[in-house]
Each structure stands twice: as C-alpha cells, then as structure tokens.
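Everything on this sheet refers to the single structure shown next.
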2 protein chains.
Amino acid sequence: MTNSAADRAYAEVRGLILSGDASPGTPLREEALADIVGVSRTPIREALRRLEAELYAVRTPSGRLVVAAWDVDDVAEMFALRAMLEGHAAARAATRMTPADLGELKACNTRIERAIAAPEPDIAGFLAGNRQFHDLIIKASASARLATMLSGLVEQPIVRRTATRYDRSDLERSAHEHGQLMQAISARDGEWARSVMTAHIRRALHAFRAASPSK
Amino acid sequence: MTNSAADRAYAEVRGLILSGDASPGTPLREEALADIVGVSRTPIREALRRLEAELYAVRTPSGRLVVAAWDVDDVAEMFALRAMLEGHAAARAATRMTPADLGELKACNTRIERAIAAPEPDIAGFLAGNRQFHDLIIKASASARLATMLSGLVEQPIVRRTATRYDRSDLERSAHEHGQLMQAISARDGEWARSVMTAHIRRALHAFRAASPSK
DNA sequence: CTGGGCGCTATTGTATACAAAAGATGCTGG
DNA sequence: CCAGCATCTTTTGTATACAATAGCGCCCAG
C-alpha cells in the first residue's frame, strides 16, 4: 500500500478506458482526470505513464495522450504474444513446481470445475479461478521479467467478453486443458506443458475471433 | 524532444547502473540522483519508474528502490525471451516487408560486412549496424506492442561485452545469419525467418555463456 | 550488557506553483 | 472572403513545498 493514490488513479483511468466510457481517441487530460479521481496531477501522471507503456494510451506528436484504438488485429497479436510467453512460463514451471504448488493448482482447477458444473454456470467464478490458475503458473515459472511482461497483457475485459459467450462445452474444454497442463507438469515435461498452454490460449484467440463483430 | 529532463534522467541513471558505477544493491535515492543529473525529483521519479518496469531496479518491501542484481540465469532468460519475441517479429516482418525495406536491410548488412572485413574488425561499427538491422526487422513487424516489449530487452552493454570477445569467425557467422534471414524474408517464409532469428539469438546466448565467469 | 521503546531523521508520496510549448481564436491587410 | 499573424488559452513539463511513513539510533530499565 505504498502509493495508493497512484494505484487508484491507474485502476480508475484504466477502468474508464476498458469500460468504454473513454472511447478511443478521447484525450486523457491530466487535470480533468485528477478531478475525476480526486487526487492531484502527480499520481495521475504516474498512472498515465503506465497506461502508455501498456499501450492503453498513445501519444500524439505533441505529447498529448489519447485513448488507444485496439482493432481485432491488435487483440489477436496480444493473444499470440500471450500464447508464446505463457507457453514459456508453463515450460519453466514444469521443471520448477513443487508438489505443494501442484496441489494448489489442482485445488484451483477443482474450484473452476465446480463453478461450471452448476445448472447455470458461474462465469464470474470461472474467470476468477481461471485467472488464479494462470497466475499460479506464472508465479511458479520464477521469472520476474516474464511476470512483468504478462501483467500488461492479461486484460480481463476482453477475456471476460469472450467468456460470456462460452457455452458449457467451451468451459469444460478449458478445464480439461488445465487438467492436461497439470499432467504435463507432473511429468516434468516442459515442452508438453508449453504446447498445451500455447494451444489453450490460441483456442481462446479463436473463440474471441468468432465472437468479434467484423472479419 | 517532449520531456527532455526526464529522458536525460533516464539515460543517465541507466548509464550509472549499466556502467557499474551503481552496483547491485545500491539504493537509488531520488534526491541524490536529482543532484547528480541536475534536475528536480519529478523527472527523476519518472525515470526510476521506467527503470523499475524494465527491472533495472527493484523495490524493497518499504518502497525504496535499489539497483537490481542480474545473475547469469537472468541474462539467459532475457536472451530466451528476446529469441522468442524477435523470432515472432521476423515471422511477421517476412510477410510485411516491402522491397524498399528489404533493400535497406541489405544495405545495413553490407555496412556490417564492411565493418568486420577490415584487418582490425570495427566492433563499434558492427554493433551499431547489428542494432540497426534488428531494429529494422522489429519496425517491419508492425507491432507496437512487440516493439515496446523488446525495447527493455535489448541492453547493449551485455551484448557489447559479449561482442568484444567475438573473433572474426563469430562476426562473419553473424553477418551470414543475417544473410539467411534476408533470404527467408525474400521468400516470404515467416517460419523460416522465425527459425533463423531464433537460432541467431540463441547462438548469441551461448556466446555470452561461454564468455561469462562462472557456470 | 542487552532488549525494548521512543523520538528523530531520512526518504518517499502527494499537492501545488510556475514555466514552456502547442492550439485556438480573432483581427487585419490584401 | 481568405491568408497570415499575433495573442490568448489550454495543456503538459518541471520545480518545490508539504505530509506521511519507515528506518535508525539513542537512552533507559532490567
């Protein structure tokens, strides 16, 4: 809880962008945001730099920031990068995970299975579990750099929109792939784990594509 | 040249870290750095946030920043990530490059060949050309996200230290691999280009390992 | 001599004031 | 009526002032 104002500013401005309240091209003016969030320009500036680094915002030639426009190709590229990087994380995790870590992973996937087993699947529960599952893998990969790179790449809102269109068989397939991944990790087979993770995320990419408006 | 003070601060502090003047574990105190660079704390803070995001600095539990310690494994991980990401960039570039881009690439590699052909190889010229060559590929990949991720991963000093140990055959091999890459791109074969680039960087990794003290 | 608590200091987080630069607006001359 | 320019406004960049907090050392009691 070191710099709460800046963190709050980051979360709020990011929320504005992802919710669509600030649509692509909207200028992100520091003073206006400071008024909205209720802090001074200093933490706002810090938040904006982070958002710029994560490409949520882009700079006009003269240094003004505007909300970035992500088209389908941009999002596809994000999925492709995530697939590579999380695949790498899975490969590393396979040779580094302790039995205790693996148990935690198993418990997490059990929660996911319970969330989707109900008559009316619990999408929020699925998403929370899914995120935790992936975070456990990343953590077990023991690469701070990988974790940093992935943090700006795992934007729930798009995953969320995709997931709300999942039917039960999609959800079950996802949990099943998690099971495969745990098998690969149990076997300490990094390349198997990489392949499963890559496939897992690339499937999500195509689910997204299928659900997206044009193209 | 929008915010020159912050950029200067970034460059100077980064220089302190990479030159070894600020050794791992050294605290990075804002006021002290402000005095050194000759600007106020505000741009220094901005520079430090960037350095933190790129893992040149890490935060102690209580929010203080210290120079990060990179061991051999960290550097190896950076090479591995670079190999994946630049491989991806090469694959994208292969289907996107215009003949003009390719011509520029060829000219660049010709300069590299000239630099290493001299009786006493021009290492600085090699490094400058090499960097430009890789930047051209990244640019042609037309992925802002990829460019952003790679920018924090291409730290000359380590590459430089490795390159100073190259003998002529290493340098020639590097230029030759660039030639292969251009062939793959000319053929518009993304997977070929990816493989060549990945191999190119992984060879550099092993050159680094061979040159590094322990392990 | 040692351990714990208390207060001081060093350092970062946040707010605000000031400077510079880019954009917009309106005026004037053609 | 339009082009060009001057000025005024808006917005960002930088400096500084103030607040909060964590670390450190010192002193005292046992």
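Hydrogens, waters and symmetry mates are skipped; everything else that's a heavy atom, side chains included, is used. So that the names make sense, note that chain A is the first sequence line, chain B the second, and so on, each numbered from 1.
The distance from atom CZ of R41(A) to atom P of dG13(D) is 8 Å, rounded to the nearest whole Å. Rounded to whole Å, atom C1' of dG13(D) lies 13 Å from atom CG of L65(A). When the P atom of dA17(C) is taken as reference, atom CD of E31(A) falls 11 Å away, rounded to whole Å. If you measure from atom CG of D7(A) to atom P of dG13(C), you get 10 Å, rounded to the nearest angstrom. Look at CG on L48(A): it is 13 Å from C1' on dT11(D), rounded to the nearest Å. Atom CD in E30(A) sits about 12 Å away from atom C1' in dT10(D), given to the nearest Å. Distance, I44(B) CD1 to dT14(D) C1': 12 Å, rounded to whole Å.
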Chi angles and distances behind the side-chain contact (heavy atoms from CB on, under 4.5 Å) call for H206(A), R203(A): CA-CA 5 Å; H206(A) 287 95; R203(A) 186 175 60 72; 5.9 Å; no
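Backbone-only engagement by L28(B) is indicated by non-hydrogen atom pairs under 4.0 Å involving sugar-phosphate atoms exclusively. Residue-level contact check: R45(B) touches the bases, meaning some heavy atom is under 4.0 Å from a base atom.
By the 4.5 Å heavy-atom criterion applied to side chains, M197(B) and H88(B) are not counted as neighbours. E77(A) has its side chain out of reach of D73(A): every pair of non-hydrogen atoms, C-beta onward, lies at least 4.5 Å apart.
When the side-chain nitrogen and oxygen atoms of R59(B) are compared with OP1 and OP2 of dG13(C), one or more of them lie within a distance under 4.0 Å. The side chain of T42(A) places no N or O atom within less than 4.0 Å of a non-bridging phosphate oxygen (OP1 or OP2) of dT14(C). OP1 and OP2 of dA21(C) both lie 4.0 Å or more from every side-chain N or O belonging to S62(A). At dT9(C), none of the side-chain N or O atoms of R29(B) fall inside 4.0 Å of OP1 or OP2 (strictly under the cut-off).
For D7(A) and R50(A), the salt-bridge test passes: some basic side-chain N is under 4.0 Å from an acidic carboxylate O.
Listed for the R41(A) side chain is no donor-acceptor partner under 3.5 Å among the backbone atoms of A34(A).
Side-chain atoms of R64(A) and base atoms of dG23(C) include no donor and acceptor less than 3.5 Å apart.
Positionally, the nearest nucleotide of DNA chain C for G38(A) lies more toward the 5' end than for the other of G38(A) and T60(A).
Listed nucleotides dT10(D), dT16(C), dG13(D) differ in distance to S40(A); the shortest reach to its side chain belongs to dT16(C).
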